[in-house]
Undergrad: 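Have a look at this one.
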Amino acid sequence: MVVTRFAPSPTGYLHIGGLRTALLNYLWARKNGGKFYLRIEDTDLKRNSQEAMEAILQAFEWVGLDYDGEVVYQSKRFDLYKQYVQQLLDEGKAYYCYMSKEELDALRAQQMERGERARYDGRYRDFDGTPPEGIDPVVRIKAPQDGTIVVQDGVKGDISISADEVDDFIIARADGTPTYNFVVAVDDATMGLTDVIRGDDHLYNTPKQLVVYEALGFTPPKFYHVPMINNEQGKKLSKRDGATDVMDYKSMGYLPEALLNFLVRLGWSYGDQEIFSLEEMLEKFNPKDLNKSPSSYNLDKLNWLNSHYIKNCSNDQLAKMLEAFDIYIFSHDKKEILLDESKERSKTIKELAQNVYMIVTDPEEFDKKAVKKARKNADILKEFKAYLGQIEQKLHLPSDYHQVIETFLNKNDLGFGKLGQPLRVALLGQMAGPGLDVVMSTIGKDQTLKRIDTAVEFFERQEG
RNA sequence: GGCCCCUUCGUCUAGCGGUUAGGACCCAUGGUUUUCAUCCAUGUAACAGGAGUUCGAUUCUCCUAGGGGUCACCA
């Protein structure tokens with residue numbers, strides 16, 4: 001049985017790096033038919049926020065990750081932690097420390113001045129005198145004073161850390177609330193975690209947590225510390241580098257499949273394969289294949305993946321997603337034609353919306369350069385309009401319009417460009433864009449004639 | 001600064017002592033296409049540096065350099 005968890009602190013939105021660790025844990029648990037829990041690290045009562053919690057849940061829902069059981073809130077498990085703190089106190093594995101904050105700060109300052117590493121000096125470790133008045137003590141755990149602590153990491157191998165790097169750290173604050181490294185160890189153990197996949201930044205917490213495991217007699221889980229995601233310059237990813245909030249990707253028009261695919265390939269690979277559906281990730285992911293080195297976030301790759309997923313997305317789904325961008329074409333009679341054409345040239349749903357908009361609505365303005373070129377053949381455009389206008393048979397599909405254009409060109413012995421340029425400008429307002437037959441088919445004959453009229457008028461006003 | 005970790009094309013990566021160092025994104029070129037894209041084909045491009053070990057190192061060891069992480073009564 002594999003049991004994993006994702007344990008964010010509710011300090012804001014769900015970070016893109018957080019989503020990756022969540023995904024990795026999710027995959028490993030689900031692949032093995034195990035459990036994946038969501039736990040909220042909110043022991044610091046001053047810092048938790050309900051909105052942050054909702055943001056995380058919302059992001060989970062968008063990307064389609066789910067978790068087993070109820071969300072575990074550490075703030076609701078204080079009784080349990082208190083019990084374990086007391087146990088350690090009773091067994092002499094932890095002790096009250098009456099050092100005030102000021103004293104601690106002073107000690108630290110001295111150590112820094114001497115170029116030493118700041119660490120608690122253990123002055124109350126074996127204290128049995130009369131405690132000073134007026135001090136609410138903290139509880140510190142007795143960490144080993146010599147030897148080494150070995151972190152067995154599934155990604156990086158064994159990492160040895162000298163015991164004097166780990167001081168007697170605080171497990172309960174003066175107000176009685178427990179601290180991070182203590183509760184993480186207690187929770188991971190009592191929740192039955194077998195595998196902990198987390199960011200590299202937690203590597204240094206691991207020896208501390210091992211001290212807690214040891215003191216409490218728990219067996220530690222298997223740890224995997226995955227390297228961080230850096231920005232394109234190889235530096236720490238920050239808001240300046242673009243979106244770090246998972247939900248920003250939704251509003252920018254990325255598909256969750258693309259985002260997950262992108263993230264899973266950062267630090268993990270399976271041969272030469274680039275495209276992974278969730279099912280394939282489930283089938284192929286194994287934390288032993290995780291990379292040791294950090295990776296850089298690369299928007300080009302995400303865009304490529306996103307355009308891939310857009311092309312492979314059903315038009316119904318696309319039409320639904322477009323509604324978030326104020327494009328409503330779900331019941332458009334040419335929905336399939338329109339989207340088949342537009343999705344080939346869209347990297348995001350936002351771009352798709354723009355491309356659809358360009359076809360469906362009359363041009364709001366005409367591109368200057370395009371007009372300059374197109375105007376020369378305004379007469380041909382007029383003739384085409386007349387020709388199209390007198391056709392009586394029903395025109396429906398792009399191929400019908402294609403036929404009309406062909407016939408017209410043959411009859412007048414013209415090359416495509418002569419008509420194509422002005423027609424494209426008339427229909428779209430610019431020179432690049434979707435196939436003209438598709439545009440005409442989508443908007444229909446009447447609308448086509450109308451757009452041509454407007455354009456011709458515009459061209460003529462430009463004369464001179 | 002102390003401690004720990006990392007280092008293959010610009011980027012994501014394959015490689016697990018002997019390879020013309022492979023794939024993907026990006027970029028360039030050509031083809032398909034009514035334009036733009038898509039699609040297809042081809043191409044440019046990497047083992048951070050230095051010592052070892054070895055018949056032979058991208059692969060193992062050490063050193064250097066560079067990058068990252070961490071040093072709270074935050075998580």
Side-chain angles (χ1 to χ4, degrees), chain A residues 7-11 41-44 46-48 74 97 99-101 104-105 108 111-112 115-120 136-140 151 153 155-157 159-162 164-167 169-181 183-184 199-207 225 227-228 230 232-236 262 265-275 291-305 307 311 341-347 355 370 402 405-406 409 415-421 423-425 428 430-437:
Chain A
S9 52
T11 47
E41 313 258 309
D42 56 352
T43 51
D44 190 345
K46 292 171 220 138
R47 284 190 175 216
N48 56 36
Q74 292 187 321
C97 169
M99 205 170 171
S100 70
K101 253 182 188 165
L104 231 193
D105 288 343
R108 223 173 261 145
Q111 289 169 328
M112 296 295 246
E116 287 171 19
R117 179 186 144 69
R119 75 196 288 285
Y120 175 65
D136 288 327
V138 298
V139 179
R140 290 184 181 270
V151 177
D153 188 86
V155 175
K156 301 184 190 271
I159 296 160
S160 302
I161 286 146
S162 169
D164 51 45
E165 289 292 320
V166 180
D167 61 6
F169 59 94
I170 292 170
I171 59 174
R173 300 182 184 94
D175 67 2
T177 57
T179 59
Y180 176 74
N181 284 118
V183 296
V184 167
D200 226 351
D201 50 343
H202 285 286
L203 189 60
Y204 242 60
N205 290 140
T206 313
H225 288 96
M228 304 279 90
N230 292 330
E232 307 210 26
Q233 288 74 239
K235 304 281 184 188
K236 189 176 178 172
F262 173 68
R265 281 285 288 101
L266 254 31
W268 178 79
S269 62
Y270 188 83
D272 285 340
Q273 189 170 341
E274 296 288 349
I275 305 292
N291 271 154
K292 293 169 190 284
S293 50
S295 44
S296 291
Y297 172 96
N298 178 232
L299 198 62
D300 282 332
K301 192 91 168 214
L302 211 209
N303 283 333
W304 174 73
L305 282 165
S307 62
K311 275 173 228 150
E341 179 76 3
S342 301
K343 67 189 183 186
E344 293 297 320
R345 63 197 80 229
S346 306
K347 285 191 169 66
N355 287 328
H402 194 80
I405 293 174
E406 289 273 281
L409 293 177
F416 186 89
K418 296 275 190 226
L419 171 64
Q421 275 192 348
L423 184 55
R424 171 159 277 113
V425 174
L428 302 171
Q430 62 182 54
M431 268 199 312
L436 296 176
D437 45 7

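Residue numbers start from 1 in every chain, and the chains themselves are labelled A, B, ... in the order their sequence lines are given, proteins ahead of strands. Since the structure is predicted, the reported quantities are computational estimates derived from the model, not experimental observations.
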Undergrad: Identify, with sequence neighbours excluded, every residue that meets side-chain contact (heavy atoms from CB on, under 4.5 Å) alongside A:K343.
TA: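 side-chain contact (heavy atoms from CB on, under 4.5 Å) list for A:K343, sorted by chain: A:I310, A:N315, A:L318, A:D340, A:L352.
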
Undergrad: What integer number of Å spans the P atoms of B:G10 and B:C5?
TA: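 Going atom to atom, P in each nucleotide, I get 27 Å.
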
Undergrad: Quick check: closest heavy atoms across A:I405 and A:F416, and the distance to 0.1 Å?
TA: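 Shortest heavy-atom separation between A:I405 and A:F416 comes out as CG2-CE1, 3.8 Å.
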
Undergrad: In whole Å, measure the gap between the P atoms of B:C62 and B:C4 for me.
TA: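 Approximately 13 Å lies between the P atom of B:C62 and that of B:C4.
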
Undergrad: Is the OH atom of A:Y270 crowded by more than 12 outside heavy atoms at less than 6.0 Å?
TA: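 No, because the 6.0 Å sphere around OH of A:Y270 holds 12 heavy atoms or fewer from other groups.
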
Undergrad: Output all residues satisfying side chain to side chain donor-acceptor pair (under 3.5 Å) with A:T179, sequence neighbours left out; order by chain, then residue number.
TA: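 Listed in chain order: nothing, the list is empty.
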
Undergrad: What is the base-pairing partner of B:U42, counting Watson-Crick and G-U wobble geometry with both distances under 3.5 Å?
TA: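 The answer is B:A28, by the H-bond criterion.
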
Undergrad: For B:U8 versus B:C60, give the span between their P atoms, rounded off to a whole number of Å.
TA: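 Taking atom P in both B:U8 and B:C60, they lie 13 Å apart.
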
Undergrad: Is a donor-acceptor contact shorter than 3.5 angstrom present between the side chain of A:E232 and the base of B:G10?
TA: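 No, no donor-acceptor pair under 3.5 Å.
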
Undergrad: Nearest to the side chain of A:T43, which nucleotide is it out of B:A75, B:C39, B:G68?
TA: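 Closest of the options to the side chain of A:T43: B:A75.
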
Undergrad: Distance between the P atoms of B:A48 and B:U7, in whole angstroms?
TA: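 These two P atoms come out 9 Å apart once rounded.
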
Undergrad: Donor-acceptor pair under 3.5 Å: do we get one between A:D201's side chain and the base of B:G69?
TA: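 Under the 3.5 Å cut-off, the side chain and the base do not form any donor-acceptor pair.
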
Undergrad: Please determine if a side-chain N or O atom of A:K311 lies less than 4.0 Å away from the OP1 or OP2 oxygen of B:C39.
TA: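 For B:C39, OP1 or OP2 has a side-chain N or O of A:K311 closer than 4.0 Å.
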
Undergrad: Is any side-chain N or O of A:K156 closer than 4.0 Å to OP1 or OP2 of B:C4?
TA: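 Looking at the OP1 and OP2 atoms of B:C4, neither is under 4.0 Å from any side-chain N or O of A:K156.
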
Undergrad: Using the C1' atom as the reference point in each nucleotide, state the distance between B:G49 and B:G66 in Å, no decimals.
TA: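 My reading of the C1' atoms in B:G49 and B:G66 gives 10 Å.
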
Undergrad: Which base sits across from B:U58 as a Watson-Crick or G-U pair, both distances under 3.5 Å?
TA: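 Check on B:U58: unpaired, no WC or wobble geometry under 3.5 Å.
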
Undergrad: Starting at the 5' end of RNA chain B and moving along, which residue's nearest nucleotide shows up first, A:D200 or A:A174?
TA: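 Going by which nucleotide is closer to the 5' end, it is A:D200.
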
Undergrad: For B:U11 versus B:G67, give the span between their P atoms, rounded off to a whole number of Å.
TA: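 My reading of the P atoms in B:U11 and B:G67 gives 15 Å.
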
Undergrad: With a 4.0 Å cutoff (strictly under), does any side-chain N or O of A:R119 reach OP1 or OP2 of B:U70?
TA: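 Checking A:R119 against B:U70: no side-chain N or O falls below 4.0 Å of OP1 or OP2.
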
Undergrad: Please state how far atom CH2 in A:W304 lies from atom C1' in B:C25, giving the value in whole angstrom units.
TA: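 For the pair A:W304 CH2 and B:C25 C1', the rounded distance is 7 Å.
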
